[in-house]
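Contents: one structure, followed by commentary.
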Amino acid sequence: MSYVITPPATVSVPVVGSQQRFPVGRIYCVGRNYVAHAQEMGFTGREPPFYFIKPSDTCLVVEPGQTASMHYPSLTKDLHHEIELVAAIGIGGKNIKAADAKKHIWGYGVGLDMTRRDLQGEQKKLGRPWCIGKTFDEAAIMGPITPAAQAGDVDKAEIWLQVNGKDRQRSDVTKLIWNIGEIIEHLTTAWELRPGDLIYTGTPEGVAAVVAGDTMTGGVSGLAPISVKVI
C-alpha cells in the first residue's frame with residue numbers, strides 16, 4: 001500500500017521480562033476515581049464514572065530502569081502529576097460484564113496522567129472541553145507492562161508517587177470508587193475496547209504541581225516503577 005505521507009510509527013511500551021513490546025491504541029482515563037481525591041476536588045466521592053481520551057502519540061514511554069525526560073509543556077504555570085494504575089487491554093469487546101473484565105486485560109503498568117491544571121480550570125469555568133488541559137505532548141506517561149499472570153493482586157496493591165524523594169501521593173487500589181471490572185463494564189457501553197488500548201484507572205489524593213528540575217518516581221506494588229525528570 002502506498003501513502004501520500006509517511007504514516008507515524010506505532011507507539012509501544014516495553015513488556016517486563018520480554019523483548020516484545022505492547023502496541024498502544026487509545027488511552028482512556030477515568031476521572032476522580034479515588035474517594036479522597038474526588039473530595040479534595042470538591043465532589044462527594046461517589047459520582048458515576050466519566051472519561052477523557054488521550055491520543056497514543058501523547059504517550060511518553062519510560063524504558064525499564066531508566067529515568068525519562070518530560071519537557072515542561074507550553075502555556076501552563078501549574079503542571080500537576082497524577083499517578084495511576086493502568087490496565088492494558090489484550091482482548092477487545094463491547095458491553096463487557098465486570099465479572100468477565102479481567103479476561104480482557106493483558107497486563108498492568110504504572111502511568112502518570114499529567115495535567116495543565118490552570119488551563120483545565122479555565123475551561124471548566126467556561127463550560128468548555130478540557131482537551132487543552134489534559135491532552136498535550138508527553139501528557140500520558142507510561143512505564144513497562146507486567147503480564148497479568150505475573151502482576152500479583154493489583155486490586156489490593158499500594159500506589160505511590162514521590163517528587164524529589166518526598167511523598168506526594170500514597171494510597172492503595174482498594175480505595176478506587178469504581179474498581180477495574182466496573183470501569184470496563186461501564187466504559188464498554190460507550191466504546192468498543194480494542195487490543196492495545198490502555199485504561200488509566202484514576203489517581204489518589206495528593207496531586208500537586210511540579211516544575212522543571214523535579215524528578216517524579218512512582219509505582220504500584222508488584223509492577224515496574226517509573227522515574228521521570230521534568231526538564
**Asked** CD1 of Ile183 to CG of Asn33: how many Å apart, nearest 0.5 Å?
**Response** 4.5 Å
**Request:** Sort and list the pairs that fulfil side-chain hydrogen bond (donor to acceptor under 3.5 Å, both in side chains) and have at least one residue in residues 62-79, not counting sequence neighbours.
**Result:** Arg21-Glu63, Thr67-Ser227, His71-Glu138, Thr76-Asp118, Asp78-His80
**Gap separating the OG1 atom of Thr115 from the CZ atom of Phe52, nearest 0.5 angstrom** = 6.0 Å
**Side-chain ion pair, Glu82 and Lys134, N-O less than 4.0 Å** = yes
**Item:** Rounded distance [0.5 Å steps], OG1 in Thr201 versus CG in Asp113
**Value:** 10.5 Å
**Request:** Please examine the side chains of Arg117 and Val207, heavy atoms only from C-beta on, and report whether any two atoms are closer than 4.5 Å.
**Result:** yes
**Asked** Does Arg170 reach the main-chain N or O of Glu158 with its side chain, forming a donor-acceptor pair under 3.5 Å?
**Response** no
**Request:** Would you kindly confirm whether Leu112 and Trp160 end up in one hydrophobic cluster when ILVMFWY residues are joined by side chain heavy atoms under 4.5 Å apart?
**Result:** no
**Asked** Are Tyr34 and Val173 close enough that some pair of their side-chain heavy atoms sits under 4.5 Å apart?
**Response** yes
**Asked** Side chain of Thr146, backbone of Ala151: donor and acceptor closer than 3.5 Å?
**Response** no
**Item:** Qualifying side-chain hydrogen bond (donor to acceptor under 3.5 Å, both in side chains) pairs, either residue in residues 208-223, two or more places apart
**Value:** Asn164-Asp214
**Request:** Please report the closest heavy-atom contact between Gln162 and Asp167, naming both atoms and the distance.
**Result:** NE2-OD1, 2.9 Å
**Complete:** What one should report as the nearest heavy-atom pair of Ala224 and Val16 is CB-CG2, 4.1 Å
**Request:** Hydrophobic side-chain clustering at under 4.5 Å (ILVMFWY, transitive links): who's grouped with Val4? Put none if nobody.
**Result:** Ile5
**ILVMFWY cluster, Val228 and Val211 together (side-chain gap under 4.5 Å)** = no
**Asked** When rounded to the nearest 0.5 angstrom, what distance separates CZ in Arg32 from OG1 in Thr203?
**Response** 13.5 Å
**Message:** Same cluster or not: Met114 versus Tyr51, using hydrophobic residues (I, L, V, M, F, W, Y) connected whenever any side-chain heavy atoms lie under 4.5 Å apart?
**Reply:** yes
**Prompt:** Is there a donor-acceptor contact under 3.5 Å from the side chain of Glu122 to the main chain of Leu119?
**Reply:** no
**Request:** Kindly compute the distance separating CD (Gln120) from NZ (Lys124), expressed to the nearest 0.5 Å.
**Result:** 4.0 Å
**Item:** Contacts of Asp172 that satisfy side chain to side chain contact (heavy atoms under 4.5 Å, CB included) - sequence neighbours left out
**Value:** Thr174, Lys175
Solution key, residues 190-197 side-chain donor-acceptor pairs under 3.5 Å, sequence neighbours excluded:
| residue | atom | partner | partner atom | Å |
| --- | --- | --- | --- | --- |
| Asp197 | OD1 | Arg26 | N | 2.9 |
| Asp197 | OD2 | Arg194 | N | 2.8 |

**Asked** Minimum heavy-atom separation for Ile96 to Ala101, with atom names?
**Response** CG2-CA, 3.9 Å
**Fill in**
Rounded to the nearest 0.5 Å, the CD atom of Glu205 sits from the OG atom of Ser171 at a distance of 5.0 Å
**Request:** Check whether any side-chain N or O of Thr188 sits under 3.5 Å from a backbone N or O of Glu185 as a donor-acceptor pair, and report yes or no.
**Result:** yes
**Prompt:** Do Phe50 and Ile184 share a hydrophobic cluster, counting only Ile, Leu, Val, Met, Phe, Trp and Tyr and linking them when any side-chain heavy atoms are less than 4.5 Å apart?
**Reply:** no
**Asked** Looking at side-chain heavy atoms only, is the closest gap between Pro8 and Asp57 below 4.5 Å?
**Response** no
**Item:** Test item: Val62 and Val110 side chains (from C-beta on) under 4.5 Å apart, heavy atoms
**Value:** no
**Prompt:** Going by heavy atoms in the side chains, are Ile180 and Tyr108 under 4.5 Å from each other?
**Reply:** yes
**Message:** Within the structure provided, determine whether Asp155 and Lys102 are in side-chain contact (heavy-atom separation under 4.5 Å).
**Reply:** yes
**Complete:** Heavy-atom closest pair (Ala212 atom, Ile231 atom, distance to 0.1 Å) is CB-C, 4.1 Å
**Request:** Mind listing the closest non-hydrogen atom pair of Gly206 and His81 along with its distance?
**Result:** O-CE1, 3.4 Å
**Request:** Return the minimal non-hydrogen interatomic distance between Ile83 and Gly218, and the atom names on each side.
**Result:** CD1-CA, 4.0 Å
**Request:** Check which hydrophobic residues are tied to Val13 through side-chain heavy-atom contacts below 4.5 Å, counting indirect links as well, and list them.
**Result:** Val11, Val15, Phe22, Val24, Ile27, Val61, Val86, Trp106, Met142, Ile145, Leu198, Tyr200
**Asked** Going by heavy atoms in the side chains, are Phe136 and Arg116 under 4.5 Å from each other?
**Response** yes
**Message:** Under a 3.5 Å distance rule, please check whether Gln169 uses its side chain to pair with a backbone N or O of Leu161 as donor and acceptor.
**Reply:** no
**Prompt:** So does Asp100 pair up with Lys97, basic N to acidic O under 4.0 Å?
**Reply:** no
